[in-house]
Asks: 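Got a structure here, written out as structure tokens. Questions coming.
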Amino acid sequence: QVQLLESGGGLVQAGGSLRLSCAASGRTFGSYAMGWFRQAPGKERECVAAISKSGGNRFYTDSVKSRFTIARDNAKNTVYLQMNSLKPEDSAVYYCAAGFGLADYSASLYYTDTHRYDYWGQGTQVTVSS
């Protein structure tokens, strides 16, 4: 079992920044990949960013490249999502997720697939005002 707890969401103006954190517990943090997903009302859940077990590989959806950065601290059992230059279309509930079956060399299409993740947090709301 893995428990995931997100924090750091909130209301921010367009152009602003937020840093999301996801604290994990229950199993060795370095044994699974991590992803950040988001879901806006009426839309499917989409992968925003993902990072391999070692942290050596990172993936981003095109709409957030150069604005968002995913990082993990295996010593602190935490994964982060630094979000800069936020836009109203970034508003959504953001979830972190843990995937045990994702290898460091797995292709990006696997990292961005919700079905590859085994545990999910409860989500944190991000609202970007225009």
Side-chain angles (χ1 to χ4, degrees):
Q1 280 280 50
V2 173
Q3 294 78 41
L4 302 171
L5 182 62
E6 303 99 335
S7 61
L11 173 65
V12 65
Q13 288 188 330
S17 298
L18 284 173
R19 188 176 82 155
L20 305 183
S21 300
C22 173
S25 61
R27 290 181 65 173
T28 305
F29 187 62
S31 65
Y32 46 89
M34 294 294 297
W36 281 102
F37 292 75
R38 66 186 179 188
Q39 188 166 20
K43 295 188 176 182
E44 290 188 356
R45 190 170 295 190
E46 66 166 344
C47 183
V48 175
I51 188 166
S52 61
K53 301 175 189 180
S54 67
N57 290 320
R58 307 179 191 193
F59 307 93
Y60 299 94
T61 192
D62 286 346
S63 62
V64 308
K65 283 180 181 176
S66 79
R67 299 190 298 123
F68 290 11
T69 302
I70 188 170
R72 66 188 296 160
D73 186 336
N74 285 357
K76 294 184 178 180
N77 292 356
T78 303
V79 63
Y80 304 97
L81 185 68
Q82 178 67 44
M83 305 186 295
N84 299 327
S85 302
L86 283 161
K87 304 175 181 180
E89 52 263 43
D90 294 318
S91 297
V93 178
Y94 283 70
Y95 302 89
C96 64
F100 282 87
L102 291 164
D104 271 15
Y105 53 80
S106 294
S108 60
L109 67 92
Y110 295 112
Y111 275 89
T112 57
D113 182 353
T114 58
H115 297 96
R116 299 285 176 170
Y117 291 82
D118 305 287
Y119 297 96
W120 294 81
Q122 293 298 307
T124 184
Q125 177 71 48
V126 171
T127 304
V128 184
S129 63
S130 57

Asks: When rounded to the nearest 0.5 angstrom, what distance separates OG1 in Thr61 from CZ in Arg38?
Replies: 7.0 Å
Asks: With Cys96 as reference, evaluate Thr78, Leu4, Leu20 under the side chain to side chain contact (heavy atoms under 4.5 Å, CB included) test and give the passing residue.
Replies: Leu4
Asks: Under 6.0 Å from the six-membered ring centre of Phe100 and within 45° of its axis: does the NZ or CZ of Arg27 meet both?
Replies: yes
Asks: Give a yes or no on whether Leu18 and Ile51 share a hydrophobic cluster (residues Ile, Leu, Val, Met, Phe, Trp, Tyr; joining criterion: side-chain heavy atoms under 4.5 Å apart).
Replies: yes
Asks: Tell me, yes or no, whether the heavy-atom count around Tyr119 atom OH, taken from other residues, nucleotides or ligands under 6.0 Å, exceeds 12.
Replies: yes
Asks: Are Tyr117 and Phe37 an aromatic pair by the rule of ring centers under 6.0 Å?
Replies: yes
Asks: Using 0.5 Å steps for rounding, measure from the CD atom of Gln1 to the CG atom of Asp118.
Replies: 10.5 Å
Asks: Applying the 4.5 Å side-chain criterion to the ILVMFWY set and letting contacts propagate, would Leu109 and Phe59 be lumped into a single cluster?
Replies: yes
Asks: What distance do Tyr95 atom OH and Cys47 atom SG have between them, rounded to the nearest 0.5 Å?
Replies: 14.5 Å
Asks: Quick check against the 3.5 Å criterion: does Tyr60 have a side-chain atom that pairs as donor or acceptor with the backbone of Ile70?
Replies: yes
Asks: Verify side-chain contact (heavy atoms from CB on, under 4.5 Å) between Trp120 and Arg45, making sure each step is shown before the conclusion.
Replies: CA-CA 12 Å; Trp120 294 81; Arg45 190 170 295 190; 3.3 Å; yes
Asks: Rounded at 0.5 Å granularity, tell me how far CG in Asp90 sits from CZ in Phe68.
Replies: 4.0 Å
Asks: Spell out, as yes or no, whether a donor-acceptor pair under 3.5 Å connects the side chain of Thr127 to the backbone of Ser91.
Replies: no
Asks: Would Asp62 and Lys65 pass as an ion pair if we require N to O under 4.0 Å?
Replies: yes
Asks: When clusters are formed by joining ILVMFWY residues with side-chain heavy atoms under 4.5 Å apart, either directly or through shared neighbours, do Trp36 and Leu86 land in the same one?
Replies: yes
Asks: Keeping the roles fixed (side chain from Arg72, backbone from Gly55), state whether a donor-acceptor pair exists under 3.5 Å.
Replies: no
Asks: Quick one: do Tyr111 and Ser52 satisfy side-chain contact (heavy atoms from CB on, under 4.5 Å)? Show the steps, please.
Replies: CA-CA 8 Å; Tyr111 275 89; Ser52 61; 3.2 Å; yes
Asks: With a 3.5 Å distance limit and no angle check, can you tell me whether Asn57 reaches the backbone of Asp104 through a side-chain donor-acceptor pair?
Replies: yes
Asks: Keeping the roles fixed (side chain from Glu6, backbone from Gln122), state whether a donor-acceptor pair exists under 3.5 Å.
Replies: yes
Asks: What is the distance from atom NZ of Lys87 to atom OG of Ser130, rounded to the nearest 0.5 Å?
Replies: 14.0 Å
Asks: Strictly distance-based, threshold 3.5 Å: is any side-chain N or O of Asn74 a donor or acceptor partner for the main-chain N or O of Phe29?
Replies: no
Asks: For Ala98 and Val2, which heavy atoms make the closest approach, and how far apart are they?
Replies: CB-CG1, 4.5 Å
Asks: List the steps and the verdict of side-chain contact (heavy atoms from CB on, under 4.5 Å) for Val126 and Met83.
Replies: CA-CA 10 Å; Val126 171; Met83 305 186 295; 3.9 Å; yes
Asks: Would you compute the distance between atom CD of Glu89 and atom OG of Ser63 and round it to the nearest 0.5 angstrom?
Replies: 8.5 Å
Asks: If every non-hydrogen atom of Ala92 is compared with every non-hydrogen atom of Ala40, which pair is closest and at what distance?
Replies: CB-N, 3.8 Å
Asks: Starting from the C-alpha separation in whole Å, work towards a yes-or-no answer on side-chain contact (heavy atoms from CB on, under 4.5 Å) for Gln39 and Thr114.
Replies: CA-CA 12 Å; Gln39 188 166 20; Thr114 58; over 6 Å; no
Asks: If you compare all heavy atoms of Met34 against all heavy atoms of Cys22, which two are closest, and at what distance to 0.1 Å?
Replies: CE-SG, 4.0 Å
